[in-house]
Every structure is written in C-alpha cells, then in structure tokens.
*Asks:* 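Have a look at this one.
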There are 2 protein chains.
Amino acid sequence: MIRRPTLAVVAEAAGVSLKTASRVLNGEPNVAAATRERVQDAATSLGFRRNAVAADLARGGFSRLVGFITGDLANQFYSALASGIERELREHGLQLLTASSDEDPAREGSLTGELLERRVGALIVTPAGADHSALQAEIAAGLTVVAVDRPAAGMDVDTVVIDNRGGTRAAVDHLLARGHRRIAFVGDEPHLWTYQERSTEFLATMRDAGVPDAERLHRSGAHSVAAARDLVVELFAAPDPPTAVLAANNRVTVGTLQALRDAPGGDDVAVVGFDDFELADLLGITVVAYDAVEMGRRAAELAVARSADPARPVELVVLPTRVVARGSGERPPR
Amino acid sequence: MIRRPTLAVVAEAAGVSLKTASRVLNGEPNVAAATRERVQDAATSLGFRRNAVAADLARGGFSRLVGFITGDLANQFYSALASGIERELREHGLQLLTASSDEDPAREGSLTGELLERRVGALIVTPAGADHSALQAEIAAGLTVVAVDRPAAGMDVDTVVIDNRGGTRAAVDHLLARGHRRIAFVGDEPHLWTYQERSTEFLATMRDAGVPDAERLHRSGAHSVAAARDLVVELFAAPDPPTAVLAANNRVTVGTLQALRDAPGGDDVAVVGFDDFELADLLGITVVAYDAVEMGRRAAELAVARSADPARPVELVVLPTRVVARGSGERPPR
DNA sequence: CTGTTAGCGCTTTCAA
DNA sequence: TTGAAAGCGCTAACAG
C-alpha cells in the first residue's frame, strides 16, 4: 500500500512549517495569501488528504462522529430517522456511525461500548432496554445522549417523540364523529412506551365520549402482522363485533387489513392506522401520520446543541401528528 | 468534561507496564493469569474504555471503519443494503459510516472525500456518477472499493448485483406462458444501469418468443410514481392496449396499480413488478423478488476479503431473483 | 512472560 | 504572519 503524503510532506514541499500548512488546510486566518496559495498547490499536487483520525486524537476529547443505535436499520421507520439524522449532522461537519441492536438490550449495551470507544461526541438512541445506568456514567463524563421515538427510561436526556396521545385522540375522535361507538383498539406489546401512550389515550378518549366498556374491544400483543391478523379475526368472530378498528402501528394495520379482507362484511369496517406507510395512499387507508425524517433531524439538532452547550436545560420535543383521511376511516358504522 | 483514564493510568494502577496492560485489554496471549486479572480489575474499577481513535492512528494505515455511500438512506432498498452491510461488518469488528448522496454525483464526490479523511478501510458504493477517476487513484493507493446494486462505470472493482436479466426473462416468460403477447414494459430513466439490463432483456425475450414489434408497448422515463401512472394511462388509452404490464421497479409498480385501478377493465390486466415491496403480499401483486439485505451482506463480505488480500481476483457476484406469484401476474389475457 | 523505546499525523501552546 | 516543540493515547518492534 502506497503511503499517503502527510502534512509534514506538504509543508516541506511548500517550503513552510508544518503549522503553517496546517493553518492553510484548516482555513485558519493569518496566513499571507502567497503562502496560502503555495501550500494549497503543494497539497493538491501531492494528493494530500487530511487524516481525520489523527486530527481527532490530537484535538483530544471527542471525535467528530455521532453514533445512532437503533432497533433495525432495515425497518422503514428507523431508516427514515437515520436519514434525517445524517442530513442534519452533515450540516455541522459530523459523520454518522450506525449500529443495529435488533431490539436486544444486551446488544444495545455492547454497541454503546463500541461507539464510545470510537469517542463519538454524541449518541442518539431509540432505547430498547430499560436499564441505562451505564450511560448515566458516560453522561456524567460529558457524553451527549439524545433519545428518539421514545424516552430513555430513568434518564434525564434530550428527547424527541411524536404526539402519540394527540394522534390517538384525533383518530378516535375521527371515528366517533362518524357515529362509531364499537371501536376496537389493536396494539403491539404492552411494554412498549408508544403502545402505552396510545393505549391509555384510546381508553381515555372513549371514556370522555361516554362510551362504556371500551376495554371489551381493546387488545394488545400484536407484535407481528400475523399476530395482529389473528387478533382481529377473533374480534370479529365474537358477538357484537366492532364497526371500526384503530390499528396502533403499521404492522397492525397490515394485519388488520388482511383479516378484514377475508372476513364477511370486512369491507364495511372503518379502519384508521397509526403510522403512515408507502401504499396507504393506493389502498385508501386513513392514517395518523407524522414525519420520521424530521424526527431524526430534530434529534441530531439537539445532539449538536447540547454538545455545544452542555449546561442548557434538557429539552423534550414533541412532534405533531395529523390524521390523513383516505377513505377507510370515513366509512359509517353498519 | 471529565478525563477518561488512559491505558497508562490503568497500567500504573495495576502495577504493570503500559504494554502489558495493552496486551491484557486486547486479549493477547502470553500474560500470566494473575497479572491479567490485576489489569482487568484496574480497568473496570477505573471505568477504562479503550480509545479506538488512538489505536487506529497508532496502527497506521486504515481505521476500522467502512464507508457506505448511497443514494438515499430513507429509501427502503438502500436501507436494506445498509442493514446487511452493517451486520456483516460487525462480525469482523468493523463499524459502518453511512452517507447519503441524494443521487448527486458531486455530493458523492465530496462524501467520498470525507470518508477517506476518516481513513475508512473500504468504501461500499451504489455508484451515482459516471466518473470515478478520483476513486481510481485511491484504489491504487490501496483503498478497497466495492460496488453494489450496479457496477461502477469504468472501474474494475468487486461488485454485487442481482440477476436483472434472468429476473426479467423469468417475468416475461411467466406472462408469455399464460398466453399474453401484448406485454407492456414500463421503465425508469434510460441512463440507469438496471433499467438498461431489464429493458434489453425484455426486448430480447419478446423477440425470442416471436412477438413482433415489442417496442410499441415499451416505455421509459417513469422516475416517479406519478410519471409511471401517466405512462400507463396513456398506454391503455391507445388502440390495441396491452393485456399485461411488466413494471420495471417498485415505484413503477405502484404507479401502474394506480393507473389500472382507475381504468375500465384495469382489474383484468396482468401485472408483474420488479422488486418486492411490503404490501405486495396483501395486494396480491406478482413480483420479481430478491434479497437486498443479503446483497449488502455480500458486499461487506467482499470488502473484508479484499482488504485481507488485495491481490485476489476481482469478483462479480450475481444474486438470484425469483418470481413470486401472488395473483396479479397470473390473470389470462382478455 | 514483561518492559522500553519510538513513533502514527495531527493540533496546540508559546515564542519569534 | 510564522515556527518549534510537546503531546493526544495507543501499537509495535525489540529487548530482557
């Protein structure tokens, strides 16, 4: 492997000291124009490329990298986050280091370790585990941590989430306004924070509307499309079935649609799904939508802000949601 | 910001030399068990965390980072690639640095530069631009480059692609076998390599089947869902319309479905789409599918292999595709 | 089995 | 406006 020219080589070629070359290549002021030009020429002709590894080491402290630890990069939602994060970081000359935890808390821990070894200046996390005590120590040592999509249990860090409660309430109101009373709620695993928010608000909204016994049509545990489908099939096999379904996330929505497609009269059931998805438009599915890319961008923004000013107050950003009516949610009760 | 303990501090606390501490913490052999334990204890009690930045610099050459430059991380397909890459890299103790080019060649260039400054050991690229001459010099300097999804024009590097031609032929044969002759092809921008492969093979397969004038129903330029929809509407407004459509990628497939939904008799038209997508199953769309995560994994594998042995012959990996019949592609011609 | 001595390529005082 | 010298925290010979 061919050696790359170092700053020293460039300096020598330009007939200046190492420091002067450094000044020029970093765009620092106080260099004579002629000198500047000489250095620049030498650098380009030698094919010089600064070594960011060495630069970060010499500067001490943190590297110009930011880590993002997430459940599964292949997941539409997380990759939208990553995209927003990366874009914002780039504006600030930072680079993004991504790592997938597969939603496994143990793995989340080891990934955190690896990123810390790389001396990331900030860590953006979609917290999977419940115990982040290890991170606490790091925060004390000056590490910036930002939680995105859900809060980090027991940690007082900057956080970006969407308005889960408001979105849920809007969705339920949307259905109530069209005359539905027997509205089913189908949610993911109960230990998930987003589930809890949505579930709680569903029940509260129903109660506020004076609908008794909303729990009867309230289900959880639909972590996969298949599980959601089964749950919905079951709901419609029972007496006094729902006339509308609020699917608490996009996987549940798909499962619900599968179940309704095969059920007699399934076409008449109103459906509102939480989370937008690519073909919801084509399928005419009414959803509670929000901007995941923006969510990532805001998280990165917070990370940058805190790195710059560690003393600033901890911030909680709540992004809005909106109901996008596409047909499925506007059907009247049978 | 609190200072982190360095190796020297750990060594001192354990009463050994710096090098011995280094040996223990890197799991190198030839250390007495007692010493090992002493060092390990000191490290944990001090909360030591090795500095990968310093380690990489000391080792010289490349860092243990691999860069991935891609069109748009928010895109389902690219994020699947990223996911596969990241997983494979982790197996080898490497970390992934991602960057989105927005399919802009200029941006691709500057991102390349930034990653090179970080001294990435390899660069995995979905080449957007046509001119990679800058990269050529880097390859000569020992950089490993792997192209994924499409070849890098004019560069002789390891490459992972899918069998675009085989997939196209299989799709066309699938339709021909059901009696279709008036088969339309709707493709993306003609300058895209994948378009060219699919387009060419479509025409060749039609010719081989003895279908004259296949060009009549052959269209390109559908870079967005809307453009695809318009193109399909147009095809069906003309006399002697197709009885089947081969949509050359998933965006085109969606546009095609939108157009057919609104067209009289659109339900009878057979549709096969290139690229699988999340709800194809629910919608009953027959597609040419392949494994994007695996594609990423293979690319990372090649990157690792070449870094280990720069002299190995350049490899071209062609991943298989398969037709997944779900209904839309099995309709007979009217 | 363990330690000593040089750097890696850059930034950063502090002088000149 | 420019330069000299001292590290950043670690690895890598090479000795003992």
Side-chain angles (χ1 to χ4, degrees), chain A residues 1-39 42-43 46-64 93 116-121 141-142, chain B residues 1-40 42-43 46-65 93 116-121 141-142:
Chain A
M1 174 200 143
I2 294 163
R3 278 200 97 56
R4 261 171 210 296
T6 68
L7 201 49
V9 174
V10 174
E12 172 157 21
V16 299
S17 81
L18 201 159
K19 176 58 196 167
T20 301
S22 165
R23 283 205 184 86
V24 173
L25 268 5
N26 286 321
E28 284 171 33
N30 296 335
V31 179
T35 316
R36 183 175 295 278
E37 190 159 342
R38 218 143 26 90
V39 172
L46 287 169
F48 172 76
R49 202 143 240 161
R50 74 196 293 267
N51 185 331
V53 177
D56 279 346
L57 178 60
R59 200 179 304 114
F62 298 121
S63 65
R64 299 194 63 74
L116 289 176
E117 290 186 357
R118 195 58 65 188
R119 291 300 186 269
V120 291
Chain B
M1 175 199 142
I2 295 162
R3 276 199 98 54
R4 260 171 210 297
T6 68
L7 202 48
V9 174
V10 174
E12 173 157 20
V16 299
S17 81
L18 201 161
K19 179 59 194 166
T20 300
S22 163
R23 283 205 184 87
V24 173
L25 268 7
N26 286 320
E28 283 171 35
N30 295 336
V31 180
T35 315
R36 182 174 296 276
E37 190 160 341
R38 215 143 27 89
V39 173
Q40 232 127 30
L46 288 169
F48 172 76
R49 204 142 238 163
R50 73 197 293 269
N51 185 329
V53 177
D56 279 347
L57 178 60
R59 202 179 304 111
F62 298 120
S63 65
R64 298 193 63 75
L65 297 171
L116 290 176
E117 289 186 357
R118 196 57 65 187
R119 291 300 185 268
V120 292

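Keep in mind that this is a model prediction, so the values were computed, not measured. The basis for the numbers below is simple: all heavy atoms, side chains too, and nothing from hydrogens, waters or symmetry mates. Chain letters run A, B, ... following the sequence lines, proteins first, then strands; residues in each count from 1.
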*Asks:* Just call it for B:R50: base, sugar-phosphate, or nothing, with non-hydrogen atoms closer than 4.0 Å on any strand.
*Replies:*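 The answer is sugar-phosphate, as B:R50 gets under 4.0 Å only of primed atoms, P, OP1 or OP2.
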*Asks:* Output the rounded distance in Å from CG (A:N30) to C1' (D:dT1).
*Replies:*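 From A:N30 CG to D:dT1 C1': 7 Å.
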*Asks:* Quick one: closest heavy-atom pair of B:L7 and B:A21, and the distance?
*Replies:*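 Distance-wise, the nearest heavy atoms are CD1-CB, 4.0 Å.
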*Asks:* Around atom CD of B:E12, are there more than 12 heavy atoms of other residues, nucleotides or ligands at under 6.0 Å?
*Replies:*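 No - once you tally the heavy atoms of other residues, nucleotides and ligands closer than 6.0 Å, there are 12 at most.
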*Asks:* Closest heavy-atom contact between A:R64 and A:D56?
*Replies:*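 For A:R64 versus A:D56, the nearest heavy atoms are N-OD2, 3.3 Å.
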*Asks:* May I have the distance from A:R49 (atom CZ) to C:dC10 (atom C1'), rounded to whole angstrom?
*Replies:*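 Rounded to the whole Å, the gap is 17 Å.
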*Asks:* Using only side-chain N and O atoms of B:T35, determine if any of them is under 4.0 Å from OP1 or OP2 of C:dT2.
*Replies:*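 For C:dT2, OP1/OP2 do have a side-chain N/O of B:T35 under 4.0 Å.
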*Asks:* With sequence neighbours excluded, tell me which residues meet salt bridge (Lys or Arg N to Asp or Glu O under 4.0 Å) with B:R36.
*Replies:*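 Checked B:R36 against salt bridge (Lys or Arg N to Asp or Glu O under 4.0 Å); zero matches.
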*Asks:* Contacts to DNA chain C from residues 51-59 of chain A, heavy-atom cutoff under 4.0 Å, which residues?
*Replies:*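 Nucleic-acid contacts, sorted: A:N51, A:A54, A:A55, A:A58, A:R59.
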*Asks:* CG of B:N26 versus C1' of D:dA13: gap in Å, rounded?
*Replies:*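 In whole Å, D:dA13 C1' lies 16 Å from B:N26 CG.
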*Asks:* Could you tell me how far apart A:R4 (CZ) and C:dC8 (C1') are, to the nearest whole angstrom?
*Replies:*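 Going from CZ in A:R4 over to C1' in C:dC8 covers 15 Å.
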*Asks:* What is the separation between atom CG on B:L18 and atom P on D:dC8, rounded to the nearest whole Å?
*Replies:*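 Whole-Å distance recorded here is 12 Å.
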*Asks:* What heavy-atom pair brings A:A42 and A:A13 nearest, and what distance separates the two atoms?
*Replies:*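 So the minimum-distance heavy-atom pair works out to CB-CB, 4.1 Å.
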*Asks:* Which value, rounded to the nearest 0.5 Å, describes the distance between A:T35 atom OG1 and A:R38 atom CZ?
*Replies:*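 Taking OG1 in A:T35 and CZ in A:R38, the distance rounds to 5.0 Å.
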*Asks:* Mark yes when over 12 heavy atoms from residues, nucleotides or ligands other than A:E37 sit less than 6.0 Å from its CD; otherwise mark no.
*Replies:*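 It does not: A:E37 CD has 12 such atoms or fewer within range.
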*Asks:* How close do B:S63 and B:R118 get, heavy atom to heavy atom, and via which atoms?
*Replies:*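 That would be OG-O, 3.0 Å.
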*Asks:* Nearest whole Å is fine: how far is D:dT11 P from B:E28 CD?
*Replies:*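 About 8 Å, once rounded to whole Å.
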*Asks:* Atom NZ of A:K19 and atom P of C:dT13: how far apart are they, to the nearest Å?
*Replies:*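 Rounded to whole Å, this separation is 9 Å.
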*Asks:* Taking only side-chain N and O atoms of B:S22, does any of them lie within less than 4.0 angstrom of OP1 or OP2 on D:dC10?
*Replies:*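 Checking B:S22 against D:dC10: no side-chain N or O falls below 4.0 Å of OP1 or OP2.
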*Asks:* Can you identify which nucleotide, out of D:dT11, D:dT2, C:dT12, has its nearest atom closest to the B:L7 side chain?
*Replies:*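 Of D:dT11, D:dT2, C:dT12, D:dT11 is nearest to the side chain of B:L7.
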*Asks:* Are the side chains of A:R119 and B:N51 in contact, using a 4.5 Å heavy-atom criterion?
*Replies:*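 Yes, side chains in contact.
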*Asks:* Is there a side-chain polar atom (N or O) of A:S17 under 4.0 Å from OP1 or OP2 of D:dT2?
*Replies:*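 No.
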*Asks:* Just the rounded figure in Å: distance from P of D:dC10 to CZ of B:F62.
*Replies:*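 So the two atoms are 23 Å apart, to the nearest Å.
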*Asks:* For the base of C:dG3, is there a side-chain donor-acceptor partner from B:R23 under 3.5 Å away?
*Replies:*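 Counting by modelled atom types and ignoring angles, a donor-acceptor contact under 3.5 Å is found here.
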*Asks:* Using C1' atoms of five pairs at each end, report the bend of the helix from C:dC1-D:dG16 to C:dA16-D:dT1 rounded to 10 degrees.
*Replies:*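 If I round to tens, the end axes sit 30° apart.
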